[in-house]
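Just so we're clear, the structure is a prediction, and the values are computed from it rather than from any experiment. Numbering of ligands and ligand atoms starts at 1, following listing order.
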Amino acid sequence: MKLNIAVLAGDGIGPEVTQQAIKALNAVAIEFNHKFYFKTADVGAVAIDNTGNPLPDSTLDLCKNTDAILFGSIGHPKYDNDPKAKVRPEQGLLALRKSLGLYANIRPVKAYETLLEQSPLKKDIISGTDILMFRELTGGIYFGKKELSQDGNTASDLCVYHKKEIERITHLAFKAAMNRRKKVTLVDKANVLESSRLWRRVVQEIAPQYPEVIFEVLFVDNAAMQLILNPSGFDVLLTENMFGDILSDEASVIGGSIGLLASASVGEQFALFEPIHGSYPQATGKGIANPIASILSAAMLLSHFDLHKEAQLIEEAVEKALELDVVTPDLNPNNTQVTTNVVGDFIHDYILHPEDRHRNHSNSYLGQSTII
Ligand code: IPM
Ligand code: MG
């Protein structure tokens with residue numbers, strides 16, 4: 001298969017981790033005889049520095065003319081600490097999501113067996129967790145009218161949803177559930193918010209079209225608690241934009257590191273793949289950023305094009321890295337020598353050398369022989 005991929009590495013650790021995802025994709029291309037062409041473009045703080053716009057037209061044009069987008073991360077402290085900043089890097093990502101109609105953000109959350117001890121949560125609680133979050137991505141409070149009064153003392157952000165916006169992501173969530181454990185949990189705040197009551201009504205109307213799927217509802221405050229108390233009780237979690245943003249960061253604790261969580265943002269025409277973590281400015285250039293979320297986002301990209309074997313091989317390589325402790329210091333603080341690049345190289349080599357796959361890889365990342 002031939003794929004044109006736009007690479008928007010963005011800010012902070014974005015370029016370092018995205019580089020590892022590209023490495024994994026290049027290895028897959030060689031191993032399976034595909035052709036992946038990468039073109040880079042600026043987004044976020046780096047784009048503001050270069051053009052004054054966090055999403056330059058040239059970047060948007062490139063995205064509209066490619067098969068998929070590989071995204072890094074966005075954000076810079078100089079804007080975070082300036083509440084008066086007129087332009088913010090995050091606006092680039094939001095504009096991109098909106099302009100490309102990427103309405104469904106899909107975030108898998110898994111407790112890897114080999115990492116059960118890494119999570120601050122008890123092993124017994126997280127064991128077996130396998131959640132697929134469907135976060136609505138182009139509506140709600142993120143995109144509603146924003147107002148600040150003349151005197152600067154009153155502000156509001158409107159949360160608006162239209163039935164159609166709820167319907168399309170609901171169908172995606174139920175279809176995904178059909179291929180999984182057949183359960184959908186809608187998370188809302190229908191006891192307080194009108195927009196949540198609309199969500200509940202619309203989803204309840206659609207649920208009977210999927211009679212095999214168990215459908216349940218949870219208020220978001222309770223869902224936040226259940227994610228910690230009983231995460232393995234969730235299968236597909238469906239929710240609106242803001243709740244999904246918050247709950248997916250919370251859920252990342254289950255796996256032991258936010259550096260493991262990948263995501264796909266899809267719409268009718270376009271698809272973007274990105275780690276859920278931010279730009280982690282303190283780590284920039286230090287080689288300590290975990291590239292796995294970005295690498296797993298590349299695997300989601302492959303699955304999106306039905307390259308399932310290829311995606312599985314990346315996942316297998318990631319699991320091997322976790323198993324053999326080829327992980328960055330967020331997962332093992334003793335691994336000061338295991339840099340972002342080392343993890344990326346290990347995964348690249350694992351994909352590329354099928355003959356070594358079942359051999360002992362434990363020393364390979366230190367440059368020693370892979371042959372026992
Ligand atoms: C995410 C991020 C973004 C969001 C930011 C960077 C705008 O937190 O993808 O979860 O809030 O959606
Ligand atoms: Mg977020």
Student: Going only through I, L, V, M, F, W and Y residues with side-chain contacts under 4.5 Å, is there a path from Val7 to Val46?
Tutor: no
Student: Who's the nearest protein heavy-atom neighbour of atom 5 (C) of ligand 1, and how far?
Tutor: Glu90 CG, 4.3 Å
Student: Please determine whether a side-chain nitrogen of the Lys or Arg among Asp130 and Lys110 lies less than 4.0 Å from a carboxylate oxygen of the Asp or Glu.
Tutor: no
Student: Taking 4.0 angstrom as the limit, do Arg201 and Glu205 come out as a salt bridge?
Tutor: yes
Student: Between Thr51 and Asn53, is there a side-chain donor-acceptor contact under 3.5 Å, judged purely by atom types and distance?
Tutor: no
Student: Between the side chains of Asp330 and Thr328, is a donor N or O closer than 3.5 angstrom to an acceptor N or O?
Tutor: yes
Student: So is Arg97 polar-close to ligand 1, meaning N/O to N/O under 3.5 Å?
Tutor: yes
Student: Please report which non-hydrogen protein atom sits nearest to atom 11 (O) of ligand 1, along with the residue it belongs to and the distance in Å to one decimal place.
Tutor: Tyr142 OH, 2.5 Å
Student: When the side chains of residues 218-229 are checked against the rest of the protein, which donor-acceptor pairs come out under 3.5 Å, sequence neighbours left out?
Tutor:
from: Asp221; atom 1: OD2; to: Lys189; atom 2: NZ; distance (Å): 3.1
from: Asn222; atom 1: OD1; to: Gln226; atom 2: NE2; distance (Å): 3.0

Student: Only heavy atoms of Arg135, strictly under 4.0 Å: list the atoms of ligand 1 that pass.
Tutor: 1 (C), 4 (C), 9 (O), 10 (O), 11 (O), 12 (O)
Student: Under 2.8 Å from the Mg ion (ligand 2), how many protein N/O/S atoms can be counted?
Tutor: 1
Student: Of all the non-hydrogen atoms in the protein, which one sits nearest to atom 10 (O) of ligand 1, and at what distance?
Tutor: Asp245 OD1, 2.9 Å
Student: May I ask you to decide whether Glu274 forms a salt bridge with Arg97, counting only side-chain N to carboxylate O separations under 4.0 Å?
Tutor: yes
Student: Taking 4.0 angstrom as the limit and counting only heavy atoms of Arg107, give me the atoms of ligand 1 inside it, by number and element.
Tutor: 1 (C), 9 (O), 10 (O)
Student: Is the shortest side-chain N to carboxylate O distance from Glu194 to Arg197 below 4.0 Å?
Tutor: yes
Student: Are Gln312 and Lys309 close enough that a side-chain donor and a side-chain acceptor fall under 3.5 Å?
Tutor: no
